[in-house]
Amino acid sequence: MTLAFRSALSKYRGLWLPGGNLVRAMSSSGQTPSFTTLSISQPAASITHVELHRPEKRNAMNKAFWSEMVDCFNHIAEDPECRVVVISGAGKIFTAGIDLMDMASTVLQPEGDDTARISWNLRKTITKYQETFSVIERCPKPVLVAVHGACVGGGVDLITACDIRLCTQDAWFQVKEVDIGLAADVGTLQRLPKVIGSRSLVNELCLTARKMYADEAKSSGLVSRVFADKEAMMAGALELAGEIAGRSPVAVQGTKINLIYSRDHSVAEGLDYMATWNTSMLQTQDLMKSAQAAMEKKSPKTVTFSKL
């Protein structure tokens with residue numbers, strides 16, 4: 001670990017506060033929203049840390065969480081100071097998933113006086129909750145997620161919308177929905193098959209609700225790195241985020257957008273989209289700055305890139 005990131009981690013250790021306090025301190029314009037279920041901080045330059053922050057409830061996802069995540073990532077997407085995001089969970093585990101007690105009235109008692117109207121309103125609710133994680137995938141800034149302990153139900157929906165997944169050795173993952181009488185409906189069934197190479201394994205996990213532990217998560221491709229403990233994982237996440245943040249934001253954000261487009265389209269369509277994309281994006285000073293640094297055998301992190 002570099003000295004700079006040891007310093008960043010040292011500062012980061014002091015940032016575990018409820019949402020709202022540090023958010024306002026980060027925003028020079030005073031326009032950053034404050035939250036009740038999230039804690040937002042800036043542990044290092046150009047890095048935004050989004051922490052699930054209901055530790056007393058095992059970071060269970062209540063009604064406020066579903067809208068706050070959308071507001072949070074809409075703001076991050078437009079924040080020129082942010083180049084990369086790290087998501088983690090406060091307390092003993094990453095998340096226990098949906099807060100069933102808090103959400104029961106919304107999901108189990110939708111409004112409407114006949115089947116069509118009840119279904120119409122329930123569909124509106126489901127699509128609203130889907131947006132909570134789609135906004136992460138749609139955010140042009142790369143999103144790293146760092147998982148410790150349990151990642152259950154909605155937690156799997158969340159992490160599969162992220163770009164890079166890290167976990168601790170004690171982490172475990174569970175697509176829990178069939179155990180509570182429903183099919184997962186906010187992203188797992190759509191994204192997990194594109195994250196894990198084995199369709200058979202995806203089917204097994206989703207149909208049985210069995211737990212997947214860290215070693216299997218690593219070997220299957222759900223996560224790319226496993227760390228001994230949370231402290232080591234957060235240090236590793238910050239260092240990796242710093243490597244990404246040190247590159248041209250034009251290059252990094254264009255890469256994320258085109259990776260997702262290519263995942264969902266044919267090779268020919270992806271190439272055509274890429275050609276159109278770089279028709280404009282190659283006309284950037286970042287290209288010459290990065291090439292100059294390479295010729296001088298300097299790291300891209302030594303280059304000063306304009307905000308995007």
Side-chain angles (χ1 to χ4, degrees), residues 4-5 26-29 31-32 40 42-50 69-87 131-145 158-166 187 190-191 194-195 221 224 237-308:
F5 271 86
M26 285 171 54
S27 175
S28 59
S29 65
Q31 298 302 308
T32 306
I40 316 298
Q42 188 178 13
S46 303
I47 300 172
T48 298
H49 177 209
V50 178
M69 282 289 282
V70 175
D71 292 342
C72 175
F73 273 88
N74 281 337
H75 179 84
I76 286 171
E78 298 298 326
D79 182 4
E81 301 292 340
C82 175
R83 294 186 184 177
V84 61
V85 185
V86 176
I87 300 177
E131 178 67 6
T132 298
F133 303 132
S134 293
V135 75
I136 298 174
E137 184 175 78
R138 196 166 59 246
C139 176
K141 321 298 173 67
V143 181
L144 290 69
V145 63
L158 189 162
I159 69 169
T160 53
C162 298
D163 302 297
I164 298 173
R165 290 167 293 276
L166 315 174
Q190 292 69 41
R191 295 188 177 101
K194 297 183 178 182
V195 169
S224 54
L238 284 176
E239 188 157 14
L240 181 55
E243 289 295 323
I244 296 170
R247 270 63 182 178
S248 158
V250 173
V252 167
Q253 295 181 39
T255 296
K256 170 174 177 172
I257 290 167
N258 277 276
L259 281 170
I260 292 174
Y261 185 92
S262 294
R263 180 198 66 187
D264 298 332
H265 296 79
S266 69
V267 172
E269 289 169 325
L271 288 169
D272 185 61
Y273 189 79
M274 187 75 250
T276 302
W277 183 272
N278 264 0
T279 298
S280 57
M281 294 301 157
L282 286 178
Q283 301 181 65
T284 175
Q285 294 180 0
D286 293 14
L287 182 60
M288 295 305 297
K289 290 179 179 179
S290 299
Q292 182 68 29
M295 288 188 290
E296 295 175 359
K297 297 185 175 2
K298 295 180 180 179
S299 167
K301 292 188 288 183
T302 64
V303 179
T304 300
F305 297 108
S306 298
K307 296 176 183 179
L308 181 63

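Just so it is clear, the model here is predicted, and its values are computed rather than measured.
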N/O donor-acceptor pair under 3.5 Å between [X] side chain and [Y] backbone:
X      : Y      : result
Asp79  : His75  : no
Lys256 : Asp163 : no
Lys298 : Gln292 : no
Ser262 : Leu259 : no

So which heavy atom on [X] is nearest to which on [Y], and how close?
X      : Y      : result
Ser46  : Ala245 : CB-CB, 4.1 Å
Leu287 : Leu282 : CD2-O, 3.8 Å
Thr160 : Gly187 : OG1-O, 4.4 Å
Thr132 : Val135 : O-CG1, 3.3 Å
Glu137 : Ile260 : O-CD1, 3.3 Å
Cys162 : Arg165 : O-NH1, 3.0 Å

[atom1] of [X] to [atom2] of [Y]: how many Å apart, nearest 0.5 Å?
X      : Y      : atom1 : atom2 : value
Leu158 : Arg191 : CG    : CZ    : 10.0 Å
Asn258 : Trp277 : CG    : CH2   : 6.0 Å
Leu166 : Ile159 : CG    : CD1   : 10.5 Å
Thr276 : Leu271 : OG1   : CG    : 11.0 Å
His49  : Gln42  : NE2   : CD    : 12.5 Å
Met69  : Phe133 : CE    : CZ    : 6.0 Å

Exercise. More than 12 heavy atoms of other residues, nucleotides or ligands under 6.0 Å from NZ of Lys194: is that the case?
Worked result: yes
For this session: Kindly check if the number of other-residue, nucleotide or ligand heavy atoms within 6.0 Å of CD (Gln283) is above 12?
Result: no
[X] side chain near [Y] side chain, heavy-atom distance below 4.5 Å:
X      : Y      : answer
Thr302 : Glu296 : no
Ser306 : Val250 : no
Lys307 : Arg83  : no
Thr284 : Phe305 : no
Pro142 : Val85  : no
Asp272 : His265 : no
Leu144 : Ile244 : yes
Ile76  : Ile40  : no

For this session: Given side chain to side chain contact (heavy atoms under 4.5 Å, CB included), test Gln253 with Leu308 step by step and report yes or no.
Result: CA-CA 9 Å; Gln253 295 181 39; Leu308 181 63; 3.8 Å; yes
Exercise. Please walk me through it: do Arg138 and Glu131 pass side chain to side chain contact (heavy atoms under 4.5 Å, CB included)?
Worked result: CA-CA 10 Å; Arg138 196 166 59 246; Glu131 178 67 6; 2.3 Å; yes
For this session: Report the C-alpha separation of Cys82 and Ile47 in whole Å, then their side-chain angles, then the decisive distance to 0.1 Å, and conclude whether the side chain to side chain contact (heavy atoms under 4.5 Å, CB included) test is met.
Result: CA-CA 6 Å; Cys82 175; Ile47 300 172; over 6 Å; no
